[in-house]
Amino acid sequence: MSKTILGLAGSLRQASFNAGLLRAAAELAPQGARIQIGSIREVPLYDGDVEAESGLPQPVRTLQAQLAAADGLLMVTPEYNNGVPGVFKNAIDWMSRGEGAAIFVGKPVAVIGASPSGFGTTLAQSHWLPVLRTLKAALWTDGRLMVSRAQSLCDDQGNLTDDKTRALLRKFVEGFAASL
């Protein structure tokens, strides 16, 4: 039986290192697992008035449906100013609205990320912990991957080209997939 993992990158930049890391994860997924790449690009800023008047925006409903159908969630987070990117947090906040909160309960979640800094995404990954606990997600902690100095490991389009990092990513994705 094949396992589906919803993969979300937390950057909107066209040549994002994190979008490239997610694409590489999808390429490296083991047999019997598939990473479906979702998009947070069209998710508007959260506005409770809009939610009250119109309900959940279509891009949010799409992400909720993708998450509900997935066996797990792979969050690929940049680190902005030592924390989580606002655009990514906003998307997760929207996804947890309405029926969405129940979708996160018990959902296996793994967090990775890439950064041009020497520390990778250590702080951003840690900042996701209280959010994931609040959502009652099942954080997968058997592996950890923080890609440092990503600009030297990726091409101009953000694609991960470094063989050593690709091998580490493959091992991470295999471990997460095997846990589902």
Side-chain angles (χ1 to χ4, degrees), residues 1-41 62-79 84-85 88-89 91-92 95 103-117 119-129 131-133 135-155 157-180:
M1 176 188 276
S2 183
K3 299 291 183 178
T4 299
I5 299 167
L6 174 62
L8 296 176
S11 174
L12 302 179
R13 191 169 66 86
Q14 194 70 11
S16 161
F17 300 132
N18 288 281
L21 188 61
L22 177 56
R23 287 190 302 273
E27 293 168 12
L28 298 169
Q31 186 173 359
R34 175 179 80 91
I35 295 178
Q36 175 188 12
I37 298 176
S39 175
I40 64 169
R41 179 169 289 284
T62 297
L63 286 169
Q64 285 180 333
Q66 289 173 334
L67 183 59
D71 298 293
L73 172 63
L74 176 62
M75 296 175 63
V76 188
T77 188
E79 182 169 301
V84 299
F88 203 8
K89 175 70 166 61
I92 298 299
M95 288 172 68
I103 300 169
F104 280 95
V105 175
K107 183 70 69 173
V109 178
V111 183
I112 62 175
S115 170
S117 81
F119 295 104
T121 55
T122 302
L123 295 174
Q125 289 189 35
S126 294
H127 283 176
W128 278 112
L129 298 179
V131 174
L132 296 171
R133 273 194 293 269
L135 295 172
K136 298 180 181 155
L139 182 64
W140 184 69
T141 58
D142 288 356
R144 194 152 188 206
L145 183 64
M146 295 163 288
V147 178
S148 303
R149 304 195 195 311
Q151 70 278 14
S152 66
L153 308 173
C154 298
D155 66 18
Q157 303 303 309
N159 297 308
L160 182 62
T161 57
D162 181 70
D163 290 336
K164 180 179 174 185
T165 306
R166 288 178 70 85
L168 292 171
L169 178 60
R170 178 188 306 274
K171 182 178 178 183
F172 183 94
V173 172
E174 286 173 350
F176 183 50
S179 75
L180 301 176

- Query: Once you round to the nearest 0.5 Å, how far does CD1 of Ile92 lie from CG of Leu73?
  - Reply: 6.0 Å
- Can any side-chain N or O of Gln36 pair as donor or acceptor with the backbone N or O of Thr4 at less than 3.5 Å? no
- Query: Roughly how far apart are Asn159 CG and Phe17 CZ, rounded to 0.5 Å?
  - Reply: 11.0 Å
- Task: Measure from the side-chain N and O atoms of Glu79 to the backbone N and O of Ala124, and report whether any donor-acceptor pair falls under 3.5 Å.
- Result: yes
- Message: Tell me if a side-chain donor or acceptor on Arg41 pairs with a main-chain N or O of Leu12 at a distance below 3.5 Å.
- Response: yes
- Would the number of heavy atoms belonging to other residues, nucleotides or ligands and lying under 6.0 Å from CZ of Arg166 be above 12? yes
- Message: Using modelled atom types and a 3.5 Å cut-off, is there a donor and acceptor pairing between side-chain atoms of Gln66 and backbone atoms of Gly7?
- Response: no
- Message: Using 0.5 Å steps for rounding, measure from the CZ atom of Arg133 to the CG atom of Leu135.
- Response: 11.5 Å
- Query: To the nearest 0.5 Å, how far apart are CD1 in Ile37 and CG in Leu22?
  - Reply: 4.0 Å
- Considering all heavy atoms of both residues, which atom of Leu8 and which atom of Met95 are nearest to each other, and what is their separation? CD1-SD, 4.0 Å
- Gap between atom CD of Glu27 and atom CZ of Arg170 - 0.5 Å precision: 9.5 Å
- Task: Check each of Ser148, Pro78, Ser115 against Thr121 using the side chain to side chain contact (heavy atoms under 4.5 Å, CB included) test, and report the only one that passes.
- Result: Ser115
- Between Arg13 and Ser11, the two heavy atoms sitting closest are N-OG, 3.2 Å
- Query: How long is the gap from CG on Leu153 to NZ on Lys164, to the nearest 0.5 Å?
  - Reply: 9.5 Å
- Query: So, does Lys89 use its side chain to make a donor-acceptor pair with the main chain of Val84 at under 3.5 Å?
  - Reply: no
- Task: Looking only at non-hydrogen atoms, find the nearest pair between Leu6 and Leu63 and report the distance.
- Result: CD2-O, 4.2 Å
- Message: I'd like to know if the side chain of Asn18 reaches the main chain of Ala114, judged simply by a donor and an acceptor atom lying under 3.5 Å from each other, with no hydrogens or angles considered.
- Response: yes
- Task: Taking all heavy atoms of Ala138 and all of Gly106, pick out the closest pair and write down the distance.
- Result: CB-O, 3.7 Å
- Item | Beyond-backbone contact of Asp71 with Pro108, side-chain heavy atoms, under 4.5 angstrom | no
- Item | Closest heavy-atom pair and its distance - Arg144, Ser126 | NH2-OG, 4.0 Å
- Hey, which of Val173, Leu160, Ile35, Leu169 is the one that makes side chain to side chain contact (heavy atoms under 4.5 Å, CB included) with Leu28? Leu169
- Message: Would you call the rings of Trp140 and Phe176 parallel, tilted or perpendicular, taking 30° and 60° as the class edges?
- Response: tilted
- Query: If we only count heavy atoms from C-beta on, is the Leu132 to Met75 side-chain gap below 4.5 Å?
  - Reply: yes
